[in-house]
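As the structure lists them, so they are numbered: ligands from 1, and atoms in each ligand from 1. The structure displayed is predicted, hence computed values, not measured ones.
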Amino acid sequence: MNPIKLSFPGKKVDVPIYIGENVFDKIQSLVHLKDYSSILIMVDENVAHHWSDRINKIIGDDMPILIIASGEKNKSLATVEKIWMVLSQKQFDRKSLIINIGGGMVCDMGAFAASTYMRGVDFIQVPTTLLAQADAAIGGKTGFNLNGLKNIIGTFSAPVAIISDTSFLSSLPTRELNSGFAEIIKHALIANEELFNGLLKKLPRSPKEIDKMLSLSTHIKCGIVKNDPYEKKERKKLNFGHTVGHAVEMVCQNSITPLLHGEAIAIGMIAEAKMSVLSGHFPKKKFKKLEALISKVGLPVTVNSKYKKAIAEKILLDKKNVKQQVKWVFLEDIGNVKVDVHLPASIVDKGLNYILK
Ligand code: GLY
């Protein structure tokens, strides 16, 4: 099968990205697992619950499996330490491999642990949520949260392969699946108006339609990462919606209704698109199209107004800020964005007010 290729510094060969239904079943022929001295499989609770038998059948039931508790609050140093301890106690050496099977949390943290254990061992990403397939597993970003700040600790490190098997999506609750659409909408919004209009016309729901949409979205992300792997300029486009979105996600994290990452990003995209309109660049008509698409997917567009102050404070601590200045990603049109934009406080305030309920 023909994978999409992601080129990344330090990788002698491009990282293959295999997308498709049941592509995980071919892992033994896609990657030379026998070349490794030991293999650790990392999964989250949900994957363990739904897919343990399948994983054991495909990879072998003699591999150690580490189950990570689900939930953003577990994307922590304590969990990373647990992974390092398992690797160390089981005497994993430099020729070891970690296979991360799960959503963004498992992929990000498993990759971080792999990239730091013994100064780096190989890992494979097997994203099982649409969100991780569209975004988290691609691009070599690893990390975890600290002090209430999203992905504030991390490394750049690319896997040996990414296996995006869309059959895993069958066990996802609708809410989780919809959350994944947020990152795909973002890719369309920043780079491909045709994909955006296609989504607005008809949301992919069948596995075949999802494979096609995922491939288009993956090509967009790989193209951007290839040009700017370490996020010096162009890759910043991928942060559209994330300055407000990460703040919203983190302040709601301990509430009784925590938001999924894609839900927070949907709200963040609305706020940042509104700021782009208010600055006189992004056409109002296109903003309405974005609102229509986000609502069509069933993603939220507002957040409780009691969080406004906390959101505004979190934005000032965003890891993309330089000298305490927030660097915004700004929409000029669908498919055309500007990075490192300074916005007046009054526009930011109005953009935030727009998403409050
Ligand atoms: N999730 C944004 C990026 O990979 O750069």
Numbering the atoms of ligand 1 from 1, which are under 4.0 Å from a heavy atom of Leu238?
-> 2 (C), 3 (C), 5 (O)

Would one find an N or O of Asp135, backbone or side chain, under 3.5 Å from an N or O of ligand 1?
-> yes

N or O pair under 3.5 Å between His242 and ligand 1 | no

Would you call Asp340-Lys233 a salt bridge at under 4.0 Å N-O?
->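 Here Asp340 pairs with Lys233 in a salt bridge, since their nearest N and O are under 4.0 Å apart.
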
Heavy-atom neighbours of Glu81 CD exceed 12 at 6.0 Å | no

More than 12 non-hydrogen atoms from neighbouring residues, nucleotides or ligands closer than 6.0 Å to NZ on Lys350, yes or no?
->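 Not more than 12 within 6.0 Å, no.
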
Can Lys221 be said to touch ligand 1, with heavy atoms closer than 4.0 Å?
->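 Per 4.0 Å heavy-atom rule, Lys221 contacts ligand 1.
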
Applying ring pair (Phe, Tyr, Trp, His ring centres under 6.0 Å), name anything that partners His219, two or more places apart in sequence or on another chain.
->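 So His219 forms no ring pair (Phe, Tyr, Trp, His ring centres under 6.0 Å) with any residue.
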
